[in-house]
Protein chains: 2
Amino acid sequence: MKSDRVLSTADERRAKVVSSAVATFAQGGFHAVTIADVAKHAGISPAYVLKLFTSKTQLFTAALEECYRRIMAEFKRAGDSAEDASPTGVLDAMGEAYADLIGDRDLLMLQVHAQSAATVEPLIGEAVRGGIAALTDYLASRTRVEGWRIQQFLAVGQLCHLLTTIDAFDVDAPWAKLLTEGIRHADARPSGSPAD
Amino acid sequence: MKSDRVLSTADERRAKVVSSAVATFAQGGFHAVTIADVAKHAGISPAYVLKLFTSKTQLFTAALEECYRRIMAEFKRAGDSAEDASPTGVLDAMGEAYADLIGDRDLLMLQVHAQSAATVEPLIGEAVRGGIAALTDYLASRTRVEGWRIQQFLAVGQLCHLLTTIDAFDVDAPWAKLLTEGIRHADARPSGSPAD
DNA sequence: TGAATGAGTGGCTGTTCACTCACTATTTTG
DNA sequence: CAAAATAGTGAGTGAACAGCCACTCATTCA
């Protein structure tokens, strides 16, 4: 056993830093969060973060890819353990899974920030496109539902992103009630409540 | 006639600067675009931009409010001139109007960037909330459709924002075809083509 | 054990940017 | 026409930040 090691391997560090990057970039987005912020969260020096990832853009991109990886894994898990194995049953299970997954907001906000940074940082744009492509392909081939249902699925997801960023789930006004009605949200409904 | 004036009034300048701010912030978002960028676009000095708007955040917020104002105006126009005056007919007309309106991308991208900046800059967050609230209230009271249709309407709008930022309308791949199928997009379909 | 490699850091640098201020030029008003 | 008010600018300031480099300390391996 090597538990008396005081240094990590570079790969361990990279994983830890990616995880910190997800949490930190989710707070303020690409431009508002500094490498020093991420480094502090990971407990290492800013210089070493840059040595591990060569540029801020690549660091953000790595975080984003991790984000899509987590979502994909959750879709797979939900799909495999769905009670109702019909196409729409599987899709519904994945919807539930997504709602649970983004309860902590990090994965959700990172996507919002990535979308904003996509044009100025082409690498990020490609990562978003790749992530959405992979998610869409997986949903289509795994569920076999009609195309419009997948459109719908993503559309509602995007609406959920918007409603979360403006805290609509906590607003007590007609417009907010109207928009959040029936939209599953981990914080808004105790798990186990009937959906729709 | 005062055409020999060489100085503008502050109000004229403000309007011009807001318009420049919409166009400029739409390119890179709140953090990536500088006051100097906006000033150059408006043809005045950065110092004077700051004198007219006191802070970068207020400038961005003014641009965002202008954005919602334009959308709202277009909704009103479309609603009033809808051929089919039934609730869903009016809503459809507004959907068409929105698709046309965001053909130039500025209004669309500004919203995407605003969503990203909303948490770090609370003033922007409030402006987004206010804009969505006003839009939702107007849609609900003017069209009188069921709530879920308005949800749907906004959800598809948000999906459209995503698809535009990743240029999905120009991608020739199954996932892109699937997601853009039937989604109206000013650049994608010549005006006058049958929708749905 | 000692050389080679890898982990990790402190401090610097050049640049960029929001915001300030003292100032000039123009327009209005009495 | 004088003076008050308004439009507009140039030059600067201080802070923040990405990326770089020379360096130290730990680990491995021959």
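A note on names: the letters A, B, ... follow the listed sequences, proteins ahead of strands, and every chain is numbered from 1.
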With ring-ring contact (aromatic ring centres under 6.0 Å, His included) as the rule and sequence neighbours excluded, what pairs involving residues 48-74 of chain B come up?
B/Phe25-B/Phe60, B/Phe30-B/Phe60
What are the residues of residues 49-65 of chain B, sorted by number, that bring a heavy atom to within less than 4.0 Å of DNA chain C?
B/Leu50, B/Lys51, B/Ser55, B/Lys56
Between residues 26-48 of chain A and DNA chain C, which residues have a heavy-atom gap below 4.0 Å?
A/Ile44, A/Ser45, A/Ala47, A/Tyr48
Can you list everything that forms a side chain to side chain donor-acceptor pair (under 3.5 Å) with [X]? Sequence neighbours excluded, please.
X        : answer
B/Glu146 : B/Arg149
B/Thr165 : none
B/Asp170 : none

Which angle, rounded to 10°, do you find between the first-five-pair axis and the last-five-pair axis of the helix from C/dT1-D/dA30 to C/dG30-D/dC1?
0°
My understanding is that only one of B/Thr164, B/Val171, B/Leu163 makes a side chain to side chain contact (heavy atoms under 4.5 Å, CB included) with B/Thr180; could you say which?
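Among B/Thr164, B/Val171, B/Leu163, the one meeting side chain to side chain contact (heavy atoms under 4.5 Å, CB included) with B/Thr180 is B/Leu163.
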Pairwise side-chain hydrogen bond (donor to acceptor under 3.5 Å, both in side chains) hits with a residue in residues 130-142 of chain A, at least two apart:
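Sorted result for residues 130-142 of chain A: A/Asp80-A/Arg142.
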Sequence neighbours left out, what pairs pass side-chain hydrogen bond (donor to acceptor under 3.5 Å, both in side chains) with at least one residue falling in residues 22-34 of chain B?
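Qualifying pairs, neighbours excluded: B/Thr34-B/Asp37.
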Under 4.0 Å between a side-chain N/O of A/Arg13 and OP1 or OP2 of C/dA7, yes or no?
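Looking at the OP1 and OP2 atoms of C/dA7, neither is under 4.0 Å from any side-chain N or O of A/Arg13.
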Residues 112-130 of chain A, side-chain donor-acceptor partners within the protein, below 3.5 Å, at least two apart:
unit_1, atom_1, unit_2, atom_2, d
A/His113, ND1, B/Ser116, O, 3.4
A/His113, ND1, B/Ser116, OG, 2.8
A/His113, NE2, A/Ala26, O, 3.2
A/Ser116, OG, B/His113, ND1, 2.8
A/Glu121, OE1, A/Thr57, OG1, 2.9
A/Arg129, NH1, B/Ile166, O, 2.8

According to the salt bridge (charged side-chain N to carboxylate O under 4.0 Å, His left out) rule, which pairs have a member within residues 151-166 of chain A, sequence neighbours left out?
none
Using side-chain contact (heavy atoms from CB on, under 4.5 Å) as the criterion, list what pairs up with A/Arg77, not counting sequence neighbours.
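Here the qualifying residues are A/Glu74, A/Ser81.
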Separation of D/dG8 atom C1' from B/Lys16 atom NZ, nearest Å, is 16 Å
